[in-house]
Number of protein chains: 2
Amino acid sequence: MSKYKEVYNDIKEKITNGTFKAREFLKSESELARKYSYSKDTIRKALSMLELDGYIQKIKGKNSMVLENGRFKNSLSNLRTSKELNQIENINIKTNLIDLRLIQGDSELMRIFEVSEEALFYRVLRTRVLDGEALEYEKTYFDKRIVPFLDKKIAESSIYDYLEKKLHLKISHSRRDIKFRYATEDEKKHMDLKDFNLVVVIESHTYLSNGTLFQYGVNLYRPDKFVFSTVAKR
Amino acid sequence: MSKYKEVYNDIKEKITNGTFKAREFLKSESELARKYSYSKDTIRKALSMLELDGYIQKIKGKNSMVLENGRFKNSLSNLRTSKELNQIENINIKTNLIDLRLIQGDSELMRIFEVSEEALFYRVLRTRVLDGEALEYEKTYFDKRIVPFLDKKIAESSIYDYLEKKLHLKISHSRRDIKFRYATEDEKKHMDLKDFNLVVVIESHTYLSNGTLFQYGVNLYRPDKFVFSTVAKR
DNA sequence: GAGTGGTCTAGACCACATC
DNA sequence: ATGTGGTCTAGACCACTCA
């Protein structure tokens, strides 16, 4: 764990658990530097990350101010797994594995991954059931050259835990497009859409630290059940 | 203009105009430092911003790689005004001012801005018409203590240009919540929603560099017409 | 004027990819 | 072994806020 991440996590924890409250001011950068016995620049790096993630606002000439953070539900500025999200909203969520298989020759996937027709992909279909309603339907595709093995047990829990802790993949970032479209018949079958004919679609492309695309996925949500928050810097 | 912003803009320009193409590699940080005659750290700051904004990916042990950027339409990771968006999608967009007035005593606004009932707000209602269809409906509220004057002429062009260039407001960041709900009768009247009864809602709270909330707004879009892209870092 | 955050530098050392 | 990006430091100077 690098020093700036340690400081970042420490302060973030104190903000989320209420030790530092919204509208309060942090200690100055030089005081924090003394307190942690790190250089001012290391503290600054931690504070910059906290600002990017919407926890604090730096104000020139004054100390940094703690922002309210309660509004954040599904934060898209952080890359979160569904499991992490569950811990935030402490409600009854259950993951159901619908299907897990190897597929080959899908032209759409060949285009996305820029591979030839021999390429193999794991396809994972899962739903997330929240208080008895299937509100999320997830279709995920993994490049088998990078994820050589997946089984039912892994797919029923957290795939990302497995990728990072067991396969030691270094995940860099994810590009996400949010859009809206009519649900297909298959989607209507697996989701509890009530009267809604539209679904929220989050398409994601996830890359490793070396720039390789290894995952493509589509997550579908019932429109009335999800809010996404971001912080946009000027 | 700071040095790192100069480098950021220079490289960003070369990526967007095609001088640097996707999957190509940039020069190394030390080469760039020599080329611009700036320190390595200044170059690194520029590259980090480019990475955050999804233009490049830094790869340890190798040079930084240019990412494809064509997919970005409405990027929520940058704070963009509608006018800037228009320049990107060079299609026929027209802004219509529906209403501009001072309002007072709205309890919802009093709660959001945390002010008492004497507080005055400018309310601006506008639509954006794209190839003849009113696809965006914008309701914006400004704290009159910070924006003391607005008129028809300003509201019909770019309000943000006015705020930054004339009033010299320093805009820091904006919190945005994306959600979906049924359209109201008023919204159906002003927008060309076709058969859609749902609208995409982007609620925004915009803050100055000193931490003051000065703008609250709701932007509504027809669901089939907009895509929002973000880059989420792990 | 004193203190704060913002920019910039030069140099050290580490981890990683490549040959 | 070489070059790359990542972390960390110490110090300088600037712009801003506030009393």
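No hydrogens, no waters, no symmetry mates; every other heavy atom, side chains included, goes into these values.
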- Of the listed C:dC8, C:dG5, C:dA12, the closest approach to the B:Tyr4 side chain comes from C:dC8

- Decide whether B:Glu6 and B:Tyr38 meet the rule of one side-chain donor and one side-chain acceptor closer than 3.5 Å. yes

- Query: In whole Å, what is the span from the CD atom of A:Gln57 to the P atom of C:dT4?
  - Reply: 18 Å

- Message: How many whole angstroms separate atom OH of A:Tyr8 from atom C1' of D:dT7?
- Response: 18 Å

- Query: Taking for each residue the nucleotide of DNA chain D bearing the nearest heavy atom, is the 5' side occupied by A:Asp41 or by B:Arg44?
  - Reply: B:Arg44

- Message: I'd like to know if the side chain of A:Ser39 pairs up with that of A:Asp41 as donor and acceptor (distance under 3.5 Å, no hydrogens or angles considered).
- Response: no

- Query: Between A:Leu32 (CG) and C:dG3 (P), how many Å, whole number?
  - Reply: 17 Å

- Item | N or O in side chain of B:Ser30 less than 4.0 angstrom from D:dT4 OP1/OP2 | yes

- Please check if any side-chain donor atom of B:Thr212 sits under 3.5 Å from a side-chain acceptor atom of B:Asn210, or the reverse. yes

- Which nucleotide sits closest to the side chain of A:Glu29: C:dT4, C:dG6, D:dG5? C:dG6

- Consider only side-chain N and O atoms of A:Gln57 and A:Ser64, and report whether a donor and an acceptor are under 3.5 Å apart. no

- Query: Between B:Lys40 (NZ) and C:dT9 (C1'), how many Å, whole number?
  - Reply: 13 Å

- Query: Atom NZ of A:Lys5 to atom P of D:dT7: distance rounded to whole Å?
  - Reply: 6 Å

- Kindly indicate whether the side chain of B:Lys144, heavy atoms from C-beta on, has any atom under 4.5 Å from the side chain of B:Tyr122. yes

- Task: Report yes if a side-chain nitrogen or oxygen of B:Lys45 is closer than 4.0 Å to either non-bridging phosphate oxygen (OP1 or OP2) of C:dT7; otherwise report no.
- Result: yes

- Which of the following nucleotides, C:dT7, D:dT9, D:dT4, is nearest to the side chain of A:Tyr38? D:dT9

- Message: Using whole Å, what does the distance between atom C1' of nucleotide D:dG3 and atom CZ of B:Arg34 come to?
- Response: 11 Å

Collect all protein-nucleotide pairs involving nucleotides 14-19 of chain C in which both atoms are nitrogen or oxygen and the distance is under 3.5 Å.
unit_1 : atom_1 : unit_2  : atom_2 : d
C:dT18 : OP1    : B:Lys62 : NZ     : 3.3

- Message: Taking 4.0 Å as the cut-off, does a side-chain nitrogen or oxygen of A:Lys3 come that near to OP1 or OP2 on D:dT7?
- Response: no

- When the distance from CE of B:Met49 to C1' of D:dG5 is rounded to whole Å, what number comes out? 19 Å

- In terms of the angle between their ring planes, are B:Phe113 and B:Tyr216 parallel, tilted or perpendicular, with boundaries placed at 30° and 60°? perpendicular

- Query: Tell me: NZ of A:Lys58 to P of D:dA15, nearest whole Å?
  - Reply: 18 Å

- Query: When the nearest nucleotide of DNA chain C is assigned to B:Ile43 and to A:Ser28 on a heavy-atom basis, which residue is associated with the more 5' position?
  - Reply: A:Ser28

- Note on the structure: Walking DNA chain D from its 5' end, the first of B:Glu31 and A:Thr42 to be reached, judged by nearest nucleotide, is B:Glu31

- is_close_aromatic(B:Phe180, A:Phe180), centroid dist under 6.0 Å: yes

